Each structure stands twice: as C-alpha cells, then as structure tokens.
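The structure displayed is predicted, hence computed values, not measured ones. Lettering of chains follows the sequences in order, A, B, ..., and the numbering in each one begins at 1.
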Number of protein chains: 2
Amino acid sequence: MSDKRTQLIEATVDLFSKEGFWNTSTARISKHAQVATGTLFNYFPSKEALIDAVYLQLKKEVRDFVLEAYPERGELRERMDHIWDHYAMWAVANPVRYRLLEQLRLSDLVSQAAIDKMEEELAFMFEVVGEAHKQGLYGKLPFGFVSMIIHAHLETTINYAIAQGLSGRKLKNHLKLGAETLWQGIGAKG
Amino acid sequence: MSDKRTQLIEATVDLFSKEGFWNTSTARISKHAQVATGTLFNYFPSKEALIDAVYLQLKKEVRDFVLEAYPERGELRERMDHIWDHYAMWAVANPVRYRLLEQLRLSDLVSQAAIDKMEEELAFMFEVVGEAHKQGLYGKLPFGFVSMIIHAHLETTINYAIAQGLSGRKLKNHLKLGAETLWQGIGAKG
DNA sequence: TGAAAAAGTGACTAGTCAGTCATTTTACTG
DNA sequence: CAGTAAAATGACTGACTAGTCACTTTTTCA
C-alpha cells in the first residue's frame, strides 16, 4: 500500500468529516494530502473510487478491532457481547470516523460493489444474529424486524455514549445497560 | 400561498427524492416546475431558503396529520399511542416524503432557524416523552437515552413497515408490536 | 381604456467542478 | 555515469453551478 495512497485517504477522511462530502473537491483533497491534483487520479480512477476506498478502509478498521480476541468458538451470547462491546468501543474511541462511516452508509456515494464486498467481510456479525434467531431468542418477532432493531439500538447506544463523552467504567456500564434494554425488549417472553 | 410557490416546492420534493439533493440544480427544479429560472428566485431568495421551505412544508404535513383527532385531554398512554400510530401511519402512507424528511434532517442543509421553528410546533410530541419520564415510566434509564431510543425505535418500526409494504390490519398489528417491544425494553422493571 | 405595478422570463455571469495530459522529476538498472 | 521507465505535476478544459438583471407579459384598478 503506497504512502501517497494512504495520505490521500486520510486527507479525504479529514476533509469529509470537517466540511462534508459536498464541499470537498478533489482539488482540496489533493492539496490537503500535499499532492498534485493529477496524482490523485493516478491512484484512484475517479472521485467515486476514492470514496469507495475510504469506506472500505474505515470498515476494515472496525472489523479488525472487533475481530481482536474474538471468541470464535465461544458461546453465542459471549460472541454477541464481544461484537456489541467492541463495535461500540471502536465507535466511541473514533467518533469522527464512526460518524463519517454512518454518513457514507446513508449517502448513496458508495458503490454497491463496495457495499457487497464489505458485507461479505462482516458476515460473521450477521451470522450471530441469525444464530440467535434459530435458537428462538427473539420470540414472535420477525427476523428482519429484529435485525433492524438490533442495528438501530446499537447505533443509539453509541450515539448517546459519544454525546455524553462516556469512557472507562461509565462507558462499560452504559453499553451493558444498552444491551440489557435491547434484550429486555426483543427477548422472548416467558 | 401562491400556486407557483407550491409548484416549486413539489418539484423540489420530487427531484430531491429521485436524484438526491446534490444532483438537483435550481435550473432543473425550475424546469420541472415549468417555471423560468428567475422565477424560483422571486419566491425564494436562495436555494437554501427553498430547502427550508420544503422541510417546513413536510413537517407541517406530519404535524397536521398527527394532530387530527389528537386526544389533547386524554390519558398519557392514550396520547402516546395516538402520536406513535399517526406518525407511523403518515410515514407509511407517504414513504417518499418521509425518506426525504429523514435525509434532510441528517443533511446540514436545513437552517437552524427552520429546525428551531419546527421543534416549537412539534413541542407537544416532546412533552409526552417528558411527562412519561416524570411519572417514572422509564425506570433507571437516563432521560436523554430514552428519548433517543424512542425516536430510533419508531424510525425502525416505520422502516420495517415500509420495506414490507404493510397496510391495513397488518400495519396496525405491526405498529402495536413495535410499541410493545419498546415498552418492554425501556419500561421500569418490577 | 390606459397606465402603473407585479409577476414572470431566460440569456448571462462569475465561479466551481471532476478529470486530462504534455511535461518534468524521480527511481532504477546496467 | 547514461538511458529508460515510472511517478508526479499543475495548467488547462468543458460541463455545470447558483444567482442576476434588463426586459416582457399579465394583472390590477381608477
């Protein structure tokens, strides 16, 4: 991975976060990366390709963090908790990158190819949700609905933690509270 | 309210939904509204003012729908259910407008003044959340966290209903299920 | 009816954009 | 060193942008 490529991606993350996608021209990115405008297009054939690369880079960072010490062969609940905690901790430790990732996800700027590629690499996360469903942990709720609830609730838990600037033990407690609220809500009754 | 003003707002809603904000120029909006480019700027001093007007128009539509037959003096739970159901039903009946509203909310394109103005007009919705908090309905959860959860969960409930194309009795049942899940999750224990 | 006001028009301006390409600089090889 | 390939450069292009303004058409009302 070339040095200039990394510089360009980091400059893009920085400017997108500070100014938003739409106020960030390729010229500004090049300048910020201390590189000529043409050089950007030596590394990325188009602005869209650069955005894809930024998206994939950030997703890769999350995945790597979540997979650190991941209990591959542990109990379902243990794996779920690991993902929940690590995903949230990465987000809280990297709020700028997390926000950018969320914005990119909703923006239509990332190509379907890039999204597909990353969903493949994050498959292990979706698997645990499916596994829990098979074990009947969700009661009568439809699977698709539960998936959406889990995702939204994790996002909300993260957003609150970032807004409150939680860290350390307070963060741990909040994440636990968030998870409890979720399970209490979607858990099978009785 | 002038006819051309309405045409321009509707054309903007239409193009923003179809093409996104950033691929929609004032020239295209004018053309779509069958009006000259200059006419747009007779009605709105700038593109931003037009976007504000679109935002306020959509919010007004939601508010009017929610306030229809609103049980102003009813029990807290009755009022909450009314808001929950009507907000969601508007969204499901107007998915394009709902999506645009959500996107605008996250986009930084709407001026703070417009946001403030609308929050004032939607104050009655926030009040019920606060009232429920005072009655201790949320148990040990912090108020700010509960507010975010309620909002996110309503959004999720709506998104699932739209994705599944629910309507009629199926929609009613789904909304009830969504509300139950929420209360089961955030409700005070014991 | 006629004159003044209001509403509507679209060619135009000044500026921005993504992307190109002829040229220069750097890195490598023998 | 020389010779060559690869990398980097930045002035430039054509397409597009929000917004303007001198002008035309329509509406109003005495």
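Under a 4.0 Å N-O distance rule, the pair A:Glu10/A:Arg97 qualifies as a salt bridge. Taking 4.0 Å as the cut-off between side-chain N and carboxylate O, A:Lys140 and B:Glu180 count as a salt-bridged pair.
To the nearest angstrom, C1' of D:dT17 lies 15 Å from CG of B:Leu50. If you take CD of B:Gln7 and P of C:dG8, they are 9 Å apart, rounded to a whole angstrom. Atom CD in B:Glu48 sits roughly 13 Å away from atom C1' in D:dA18 (whole-Å rounding). The distance between atom CZ of A:Phe41 and atom P of C:dA18, rounded to the nearest whole Å, is 7 Å. Rounded to an integer number of Å, the gap from CG of B:Leu8 to C1' of D:dG19 is 15 Å. As rounded to whole Å, 14 Å separates atom P of C:dA7 from atom CZ of B:Phe44.
Scanning for side-chain hydrogen bond (donor to acceptor under 3.5 Å, both in side chains) contacts around A:Arg79 gives A:Glu131, with sequence neighbours left out. B:Asp108 pairs by the salt bridge (Lys or Arg N to Asp or Glu O under 4.0 Å) definition with nothing, not counting sequence neighbours. Applying the side-chain hydrogen bond (donor to acceptor under 3.5 Å, both in side chains) test to B:Asn42 and every residue at least two apart in sequence or in another chain returns nothing. Judged as a side-chain hydrogen bond (donor to acceptor under 3.5 Å, both in side chains), and not counting sequence neighbours, the contacts of B:Arg105 are B:Glu102, B:Glu155. Here B:His86 pairs with B:Phe65, B:His82 under the ring-ring contact (aromatic ring centres under 6.0 Å, His included) rule; sequence neighbours left out. Residues satisfying the side-chain hydrogen bond (donor to acceptor under 3.5 Å, both in side chains) criterion with B:Asp52, sequence neighbours excluded, are B:Ser111. Take B:Arg63 and apply the salt bridge (Lys or Arg N to Asp or Glu O under 4.0 Å) test, not counting sequence neighbours, and it matches B:Glu121. Residues satisfying the ring-ring contact (aromatic ring centres under 6.0 Å, His included) test with A:Phe21, not counting sequence neighbours, are A:Phe16.
Side-chain N/O atoms of B:Tyr43 include none lying less than 4.0 angstrom from OP1 or OP2 on C:dA7.
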Nucleotide N/O of nucleotides 9-15 of chain D paired with protein N/O under 3.5 Å:
from, atom 1, to, atom 2, distance (Å)
D:dT9, OP2, A:Ala36, N, 3.0
D:dT9, OP2, A:Thr39, OG1, 2.7
D:dG10, N7, A:Thr37, OG1, 3.2
D:dG10, N7, A:Gly38, N, 3.2
D:dA11, N6, A:Thr37, OG1, 3.0

Distances for protein N or O near nucleotides 23-28 of chain D N or O, under 3.5 Å:
none

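Pairs of residues two or more places apart, or lying in two chains, that qualify as salt bridge (charged side-chain N to carboxylate O under 4.0 Å, His left out) and include a residue from residues 22-38 of chain A are A:Glu19-A:Arg28.
Less than 4.0 Å separates DNA chain C from no heavy atom of any residue of residues 13-32 of chain B.
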